[in-house]
Structure formats: C-alpha cells, structure tokens
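Report on one structure; see the data block that follows.
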Amino acid sequence: SATLSSLLPATALAQKKPVLGFAQVGAESEWRTANTESIKSAAAEAGIELKFSDAQQKQENQIKAIRSYIAQKVDVIAFSPVVESGWDTVLLEAKAAKIPVVLTDRSVNTKDDSLYVTFMGSDFVEEGRKAGRWLVEKEKGNPGPINIVELQGTVGSAPAIDRKKGFEEIIKADPKFKIIRSQTGDFTRAKGKEVMEAFLKAEGKKINVLFAHNDDMAIGAIQAIEEAGMKPAQDIIIISIDAVKGAFEAMMAGKLNVSVECSPLLGPQLMAAVADIKAGKPLPKRILTKEGIFPMEVAKAEFPNRKY
Ligand code: AHR
C-alpha cells in the first residue's frame, strides 16, 4: 500500500518542518558561542529548520534580520535582544504578520507584553546579587575600605543593567564597599583587557576587587593585571559571571576567584517552545534557568561536569 510520503509531493513534506528564524546577538564571548551551538544542534535534533543570523552586537542588524524573517513568513521568530529598549516597532510588525516571537537569554523593555509569547533565560539581577553576596562573605571581618572596579557588559543590555543592579543592591548595605571605576568592556576579552589596563593606570594598587559582568572580560583583565606585574585573584580579587570552561581553567590556575553560573544551553528549551507554539499549547510568560555559583576551591572537581 502507498505510504503517506509517496502520495504527498516532496514540497508538501518539506513544508511540514517548522521554520524558526533566530536573530543572535553576535559571537562576542565563549558564552555566546556555546549558546549558538546549543541552538543549532537542538534545532537539527528536533527537526526544525533554522534560519540563523549574527547581528555583531548591533541592534540595527537584529532588526533587519527580524524583518527578513517576517518577509520569509517563518513560523516562529526567536532572538536575544542585544539591548533592552527600542523593539516595539519591529515586534508590532511581527504581531501584525501573526508570527509568534520568543525571547531567549535577554529580555526587552516594553509596556506591551503581548509582543512576545515567552521569555526564557537567566535571572540576571539574581546573578549580580550572588556575586555581591560572595564578596560580602569573603570580606567579612575586613574593615575596608574595599575598592571595586567594575567591567560592565554591553551598554543598554539587560545583563549589564541587571547584574550591576543586583550587585549594588547587596554591597550597598556596607559602606566599606566602594565602586571606584565602572566602564563597559562590551562582554569581550579584548575590551576587558583594554579597560582593565586603563583602570590599573588610573588606580593602580588601590584596586582590591574586580567585578566583571562576564568571564571573557575577566580573562582579558587577568592578562592586564599580570602584565602590570600583579597577581590576579591574590592582589586583586576577581569575580565574574557565566562559568564557562575558560573561567574554570582560570580558577584552576589560581587566577580567578569565583564565577556565577549563567547557562547558555537554551537550545532544547527553545525547540520545545517552538513545538508547543505549533501545537497551539500555551506557554508560561517566563521560563527561568536554574543556576549555581562556583568558587575556585571547587573548580577542579566540577570541571569534568561542565558542558560549556
Ligand atoms: O546575555 C548573556 C551574556 O551575553 C553573557 O553573560 C555574556 O558572556 C554574553 O556575551
């Protein structure tokens, strides 16, 4: 007897694969590379056709990509907004075209939450708090002052805004903690190094702590600290966020004190959401990633378990 596939024209069968248009932030960090890899492999595994674009950390490129997905009439659009604001116009266009939008990793700042179906990813404010709590505990008994320099993520991005907020919320309880310099390193190693060099030039030995909004910037800063003849993690306490393999290597080498986990492995969850949307199932407005914190003392034991 004839099978369904022999009766259907090939094009009809090909059309059955859901099509997902994904507008990625860029390839700025080890985290982002792992995130892209997770999305690509999960799409292949789930039988979802993926249209992928890299915005090179520029909002205008992401907007262009989203518009092209709308023109191509994809089934679902997903993206990690490079910055928080300025999305309403393009999201209204997607809504008018009846294409559901999923936010992954980073959220948008909008008054109209009908513009997206769900937001899946980390609680960045809580990550900042975890970093702050670790420092408060570490410096218990030290009368201070404790001078902190901060390497912020991309200006206007949710993780930069929220991590700063969470960290400050915790340290402000004790006036001995002072952020003496704070500048963006755009989430990259190169910028992290460059800005740390400037911090060291301006403040030198006054710096007690570095809080970097991601591991890549911390790794860049470690180089700058070593080149300045100082010992990272000893002369300057270093706290960062992501817990990528590069951070574990730095911790095992005794050069980074702690990394707060932020998981990039959102691919399987995203593909499950696409399948649910296609099946007409409702989704929660917020899908939260569970995460931990890894001080250097546990790095060696934890390293074999790390997936990114
Ligand atoms: O949005 C998540 C952040 O973006 C990660 O912490 C950082 O490494 C990445 O570039």
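In what follows, every heavy atom counts, from backbone to side chain, and hydrogens, waters and symmetry copies are set aside. Along the sequence shown, the residues carry numbers beginning at 1. Counting starts at 1 for both ligands and their atoms, in listed order. Computed from a prediction, not measured in an experiment: that's the story for all the values here.
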What are the atoms of ligand 1, with element, lying closer than 4.0 Å to any heavy atom of Asn214? 7 (C), 8 (O)
Relative to the heavy atoms of Pro159, which atoms of ligand 1 are at a distance of less than 4.0 Å? 1 (O)
If you draw the axis of the six-membered ring of Tyr69, does the NZ or CZ of Arg67 fall within 45° of it and under 6.0 Å from the ring centre? no
Please say whether more than 12 non-hydrogen atoms of neighbouring residues, nucleotides or ligands are located less than 6.0 Å from NZ in Lys176. yes
Should Ile277 and Ile287 be regarded as members of a common hydrophobic cluster, given that ILVMFWY residues are connected when their side-chain heavy atoms come within less than 4.5 Å of each other, either directly or indirectly? yes
Are Phe79 and Trp87 near enough that their ring centres are under 6.0 Å apart? yes
Below 4.0 Å from ligand 1: does a non-hydrogen atom of Gln57 turn up there or not? no
With a cutoff of 4.0 Å, is Asp242 in contact with ligand 1, counting heavy atoms of the residue only? yes
Going by the order shown, which atoms of ligand 1 are within less than 4.0 Å of some heavy atom of Glu28? 4 (O), 9 (C), 10 (O)
Close approach, Asp105 and ligand 1, non-hydrogen under 4.0 angstrom: yes
Kindly assign one of parallel, tilted or perpendicular to the pair Phe248 and Phe303, based on the angle between their ring planes and the thresholds 30° and 60°. tilted
Could you list which atoms of ligand 1 come closer than 4.0 Å to a heavy atom of Ser29? 7 (C), 8 (O), 9 (C), 10 (O)
Salt-bridge test for Glu203 and Arg181: reply yes if a basic N is under 4.0 Å from a carboxylate O, no otherwise. yes
Nearest-neighbour protein heavy atom for atom 3 (C) of ligand 1, which is reported as residue plus atom name and distance: Arg106 NH2, 3.7 Å
Determine whether the side chain, the backbone, both or neither of Arg163 has a heavy atom under 4.0 Å from any heavy atom of ligand 1. side chain
Residues clustering with Phe124 (ILVMFWY side chains joined when closer than 4.5 Å, directly or via others): none
